[in-house]
Amino acid sequence: MAQKVTLLIGDRRVELPIVTGTEGERAIDITRLREQTGLITYDPSMGNTGTCKSGITFIDGERGILRYRGIPIEQFTDRPNFVEVAWLLIFGRLPSRDELTQFSGLLTENELLHEGLGHQFQHIPVNAPPMAILSATLSNLSCYHQEFLSLEDSESFAEAAARLISKVRTIAALSYRRSRGLPVIYPDPAMRYCANFLHMMFSLPYKQYVVTPEIENALNLIFILHADHEQNCSTSTVRMVGSARANLFASCAAGVCALWGPLHGGANVEVLQMLQRIHQGGLSPEECIRQAKDKDNPFRLYGFGHRVYKNFDPRAAILKEACDRVLSTLDRPDPLLDIARKLEELAMADPYFVDRKLYPNVDFYSGMLLRSMGIPTNMFTVCFAIGRLPGWIAQWKEQHDDPTSKILRPRQVYVGPALTEYRADGSEVNGQ
Ligand code: CMC
């Protein structure tokens, strides 16, 4: 029998149905609450609100579980292949060999940017933040590929998705080259996805960058671990924008803007800057922990805490191990890794962090790995965005294909002035 909860308002009883998910998660369905009672719910940070039913990613924050289309992320770590995971997220099942080959071919076909888009880079200040460039350029794809502004058939959707996933890497690499005043390196159609990105970032016209299998695997792993995370801030933004029937490019560009924030994807930059400050002697690990606990200080221990994970972040556990592995192959050990370990040790022995269930999150170790590949700090969040793109596309499509989906339009509790009379004060207003 379908379960219900009973809401008692004064002496009036209202029954509300319960929705149950595959893994037994339960939610009170309040779709008709306002209609039935005149009440709305108040949940300012949406920590108790489910905005959709989704079949893409499952998270159990209490048990540290993350699965893509039912598959635990730990199972993608042996021979990590980001393109395969992207296909899985977007199309709902693992691809056959032919499907993967075909999709990889589409990525190769779409790896170049329209020359017009390329020229835009000449007019951007050299020190422009790469996340600003990324969101602007993704949005500008709408100008150059207007055939994809309404995606009513599956073929054009697959092509638009491939365009985005392929071009995002070219845009990212180009923004880096521009910031360093380096010549543009075009994508190499013979290269795999991650190797090609590193090639565009680091090759020189007279010297090909050599991508080792360890580094290629590590980048695949980073992208995979960031590929989707259900209804987080940037994904909810993509869904919010997409719910108005905005096109895929515009919706993903909005996702990039949300991801940029330091409480979200931008945390990986903050972590590295924090570790560097400690390394340069500007802050001791103990002082860093003290400041993070001080309620009069806005500083937070970046890379710690999560809205959903209240045990451990499984992505952080995988990345920590990958860091140990990859960094041990380097000629010179990275002193920041020791500082990161020390901070983790101090935090995990401190009741402030333990009581609040604040554990290292994905951003705590990802920067260390990206740094070991030579990726500069201001490109960390861009790399997060490259990884997250398949998730945004999958979520946008799920919503787009759902015949019951409506424009997202939250309500509010108004607390401004009560009805007030307008009174002109008689002073003259110049101009408009
Ligand atoms: N350092 C110090 N105190 C913290 C931290 C932190 N990193 N995170 C949470 N707290 C405290 C917070 O002050 C609050 O304390 P109290 O109960 O005394 O007021 C308590 O823990 C609960 O925090 P909250 O801000 O209510 O938790 P939230 O679920 O709203 O925020 C978070 C989650 C990730 C934004 C937050 O933990 C944070 O700011 N962490 C640092 C930034 C970061 O690493 N972000 C990356 C998140 S993972 C990747 C991603 O999703 O992008």
Side-chain angles (χ1 to χ4, degrees), residues 61 64 66 129 131 215 218 221-222 225-226 229 232-233 259-384:
L66 170 59
M131 285 297 272
I215 295 294
L221 186 65
I222 289 182
L225 294 177
H226 288 89
H229 214 234
N232 56 82
C233 177
L259 188 72
W260 192 1
L263 295 189
H264 193 9
N268 53 17
V269 172
E270 303 289 337
V271 170
L272 232 287
Q273 285 170 351
M274 179 177 78
L275 297 178
Q276 265 161 341
R277 249 182 88 202
I278 296 174
H279 179 56
Q280 287 155 5
L283 185 73
S284 70
E286 289 77 9
E287 176 60 12
C288 183
I289 295 284
R290 201 195 59 72
Q291 286 187 13
K293 297 191 299 184
D294 179 359
K295 293 292 168 201
D296 295 326
N297 189 332
F299 176 78
R300 287 199 156 191
L301 189 59
Y302 285 99
F304 270 73
H306 199 274
R307 172 62 61 80
V308 182
Y309 293 121
K310 298 299 174 199
N311 185 334
F312 68 97
D313 179 339
R315 305 167 299 173
I318 295 171
L319 280 179
K320 184 179 180 185
E321 206 190 297
C323 252
D324 289 341
R325 207 173 45 243
V326 173
L327 270 68
S328 69
T329 65
L330 300 182
D331 300 339
R332 269 185 306 145
D334 190 335
L336 297 195
L337 184 60
D338 287 335
I339 297 173
R341 288 198 192 108
K342 175 75 183 168
L343 272 182
E344 182 178 350
E345 191 189 304
L346 288 174
M348 292 298 82
D350 191 312
Y352 175 95
F353 293 91
V354 176
D355 294 350
R356 288 172 178 74
K357 300 185 167 61
L358 303 172
Y359 297 94
N361 59 48
V362 68
D363 289 320
F364 194 61
Y365 283 105
S366 63
M368 296 295 310
L369 257 185
L370 291 169
R371 188 173 134 95
S372 73
M373 298 170 197
I375 299 204
T377 312
N378 69 347
M379 290 293 289
F380 288 0
T381 317
V382 172
C383 289
F384 191 151

* Decide side chain to side chain contact (heavy atoms under 4.5 Å, CB included) for Val382 and Met131; before the verdict, give the C-alpha distance in whole Å, the side-chain angles of both, and the deciding distance to 0.1 Å. => CA-CA 6 Å; Val382 172; Met131 285 297 272; 3.7 Å; yes
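Listed by chain and residue number, nothing satisfies the ring pair (Phe, Tyr, Trp, His ring centres under 6.0 Å) test with Tyr365 (two or more places apart in sequence, or in another chain). Qualifying side chain to side chain contact (heavy atoms under 4.5 Å, CB included) partners for Asn378, counting only residues two or more places apart in sequence or in other chains: Pro130, Pro376. Judged as a side chain to side chain donor-acceptor pair (under 3.5 Å), and not counting sequence neighbours, Asn361 has no contacts. Among residues two or more places apart in sequence or in another chain, the ring pair (Phe, Tyr, Trp, His ring centres under 6.0 Å) test is passed with His264 by none. Legend: residues meeting side chain to side chain contact (heavy atoms under 4.5 Å, CB included) with Val354, ordered by chain and number and at least two apart, are absent. Taking the ring pair (Phe, Tyr, Trp, His ring centres under 6.0 Å) definition, one finds that Tyr359 meets it with nothing, sequence neighbours left out. The side chain to side chain contact (heavy atoms under 4.5 Å, CB included) test applied to Leu358 returns Tyr352, Phe353, Arg356, not counting sequence neighbours.
Residues Val326 and Ile215 share a closest heavy-atom pair of CG1-CD1, 4.3 Å. The two residues His229 and Asn232 have their closest heavy-atom pair at O-ND2, 3.1 Å. Closest non-hydrogen pair, Leu221 versus Ala322, comes out as CD2-CB, 3.8 Å. In terms of heavy-atom proximity, Pro360 sits nearest to Ala316 at O-CB, 3.5 Å. Summarising the geometry of Leu301 relative to Ala347, their closest heavy-atom pair is CD2-CB, 4.0 Å, with the distance given to 0.1 Å. Gly265 and Asp363 make their closest contact through O-OD1, 4.2 Å (heavy atoms, listed as atom of the first residue, atom of the second, distance).
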Using atom types as modelled, flag every donor-acceptor pair under 3.5 Å from a side chain in residues 278-293 to any protein atom, sequence neighbours excluded.
{"unit_1": "Ser284", "atom_1": "OG", "unit_2": "Glu287", "atom_2": "N", "d": "3.0"}
{"unit_1": "Glu287", "atom_1": "OE1", "unit_2": "Arg290", "atom_2": "NE", "d": "3.0"}
{"unit_1": "Glu287", "atom_1": "OE2", "unit_2": "Arg290", "atom_2": "NH2", "d": "3.0"}
{"unit_1": "Glu287", "atom_1": "OE2", "unit_2": "Gln291", "atom_2": "NE2", "d": "3.2"}
{"unit_1": "Lys293", "atom_1": "NZ", "unit_2": "Asp350", "atom_2": "OD2", "d": "2.7"}

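Within the structure, no pair that satisfies the salt bridge (Lys or Arg N to Asp or Glu O under 4.0 Å) test touches residues 270-282, not counting sequence neighbours. Residue pairs meeting the salt bridge (Lys or Arg N to Asp or Glu O under 4.0 Å) criterion with at least one member in residues 370-381, sequence neighbours excluded, are Asp334-Arg371. Counting only residues at least two apart or on different chains, the salt bridge (Lys or Arg N to Asp or Glu O under 4.0 Å) pairs with a member in residues 313-322 are Asp313-Arg315, Lys320-Glu344, Glu321-Arg325.
To the nearest 0.5 Å, atoms CE (Met368) and CG (Leu337) are separated by 4.5 Å. With rounding to the nearest 0.5 angstrom, the CD1 atom of Ile375 is 4.0 Å from the SG atom of Cys383. Rounded to the nearest 0.5 angstrom, Ile222 CD1 and Ile318 CD1 are separated by 12.0 Å. Note that CG of Leu343 is 11.0 Å distant from CE of Met348, once rounded to the nearest 0.5 Å. Annotation: the span from His226 atom NE2 to Asn268 atom CG amounts to 6.5 Å, rounded to 0.5 Å. Note: Lys342 NZ to Ile339 CD1 = 11.5 Å, rounded to the nearest 0.5 Å.
Using cut-offs of 30° and 60° on the angle between ring planes, the pair His306 and Tyr309 is tilted.
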